[in-house]
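Step one of this worksheet: look at the structure below.
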Amino acid sequence: MMNTYPLYPEKHRKMCAYVMVGTVIFMLVFTLIFSYLTPLRGIPSEVIHKLVSFSFFFFGFYLCFSFFVFKTLVIEKEKRKFYVCRTLMGKIIFKKPYKLKSAKAVIVSPNPKIKSLYKVTLEGKRLKLFLGKGTVEFAEELGMKVCDDLGVSLQKVSSKKKSSK
């Protein structure tokens, strides 16, 4: 049995997709308005070339951002392993394996710079693995799911404990 957990809030991926689609729609509308305002000559070829190159650059940036930021945790209890995977458009491209016995605790702690942001870290012997960031609800939900599947304890660190260390 294989369980997968996205290590990012779903609204972050939706927000990035909306920004990408919105930018492409804005460029199309801008191109149509620009061509309407200059009907005699049409759109100059260098403008079209720059718009097309910007579109490819922007799409490439989105793919790279998606690959490096939106990771997924895959837990396989039968193989006694778990993986942190990098995905691209829903497909697993790269996965880094870890042994189940190396995981000891999942720690949910507040981010010191942004008070409404919480981070989830998986710790064990010779292992400190950052899983993700999000709201307190996302962090606690992810922490509980991972704890249940890995059979480890969940530790919540309050901002008061963190600041006293």
Side-chain angles (χ1 to χ4, degrees), residues 1-76 82-98 106-122 128-150 154 156-159 162-163:
M1 185 171 151
M2 182 170 69
N3 295 329
T4 60
Y5 302 106
L7 300 178
Y8 53 87
E10 185 62 30
K11 67 180 182 179
H12 287 172
R13 184 173 294 271
K14 286 182 181 178
M15 182 177 56
C16 286
Y18 290 150
V19 167
M20 187 177 129
V21 169
T23 302
V24 170
I25 289 173
F26 174 75
M27 288 183 344
L28 288 173
V29 168
F30 179 75
T31 304
L32 290 174
I33 290 172
F34 189 74
S35 66
Y36 179 74
L37 294 175
T38 57
L40 298 177
R41 298 180 311 163
I43 302 174
S45 62
E46 58 269 1
V47 172
I48 292 175
H49 176 63
K50 287 182 181 182
L51 284 173
V52 168
S53 63
F54 177 76
S55 298
F56 281 118
F57 175 74
F58 192 72
F59 186 67
F61 176 75
Y62 174 76
L63 291 178
C64 289
F65 182 80
S66 175
F67 177 75
F68 288 112
V69 173
F70 297 132
K71 295 185 263 182
T72 303
L73 179 69
V74 177
I75 300 172
E76 293 183 352
F82 64 95
Y83 307 94
V84 176
C85 305
R86 296 189 188 274
T87 59
L88 193 59
M89 301 181 109
K91 304 272 190 224
I92 295 175
I93 303 295
F94 173 78
K95 62 183 180 180
K96 185 169 182 175
Y98 298 94
V106 174
I107 299 172
V108 175
S109 60
N111 189 334
K113 295 181 181 176
I114 304 171
K115 299 298 181 199
S116 63
L117 194 63
Y118 284 75
K119 61 183 180 177
V120 181
T121 308
L122 179 63
K128 187 170 185 173
L129 184 63
F130 171 74
L131 294 180
K133 289 182 187 176
T135 62
V136 67
E137 295 86 16
F138 170 76
E140 287 178 352
E141 181 181 341
L142 176 64
M144 291 300 294
K145 288 179 182 178
V146 171
C147 285
D148 290 344
D149 277 353
L150 293 179
L154 176 67
K156 295 179 186 176
V157 177
S158 69
S159 57
K162 194 81 167 171
S163 62

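- Residues forming a side-chain hydrogen bond (donor to acceptor under 3.5 Å, both in side chains) with Lys11 (at least two apart in sequence, or on another chain): none.
- In this structure, Phe70 and Cys16 approach most closely via the heavy-atom pair CZ-SG, 4.0 Å.
- In this structure, OG1 on Thr135 lies 9.0 Å from CD on Glu141, to the nearest 0.5 angstrom.
- For Lys128, the salt bridge (Lys or Arg N to Asp or Glu O under 4.0 Å) partners at least two apart in sequence or on another chain are Glu123.
- Distance OG1/Thr72 to CZ/Arg86: 11.0 Å, rounded to 0.5 Å.
- Distance CG/Leu150 to OH/Tyr98: 12.5 Å, rounded to 0.5 Å.
- Counting non-hydrogen atoms of other residues, nucleotides and ligands closer than 6.0 Å to CZ of Phe61 gives a total of 12 or fewer.
- Lys95 has its side chain out of reach of Val74: every pair of non-hydrogen atoms, C-beta onward, lies at least 4.5 Å apart.
- Distance OG1/Thr4 to OH/Tyr83: 13.5 Å, rounded to 0.5 Å.
- A heavy-atom distance below 4.5 Å is not found between the side chains of Leu73 and Leu142.
- Rounded to the nearest 0.5 angstrom, Lys145 NZ and Asn3 CG are separated by 10.0 Å.
- Classification of the Phe58-Phe54 ring pair by plane angle, with boundaries at 30° and 60°, yields parallel.
- Contact of the Val108 side chain with the Leu154 side chain is registered, since non-hydrogen atoms from C-beta on lie closer than 4.5 Å.
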Test side-chain contact (heavy atoms from CB on, under 4.5 Å) on Phe82 and Leu129; report intermediate values, then the result. CA-CA 12 Å; Phe82 64 95; Leu129 184 63; 4.0 Å; yes
Quick one, Glu140 with Tyr118, criterion side-chain contact (heavy atoms from CB on, under 4.5 Å). Give me CA distance, side-chain angles, the key distance, then yes/no. CA-CA 9 Å; Glu140 287 178 352; Tyr118 284 75; over 6 Å; no
- Please lay out, stage by stage, how Ile75 and Tyr5 fare under the test side-chain contact (heavy atoms from CB on, under 4.5 Å). CA-CA 8 Å; Ile75 300 172; Tyr5 302 106; 3.8 Å; yes
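- Nearest heavy atom pair, residue Pro9 against residue Gly134, reads CG-CA, 4.2 Å.
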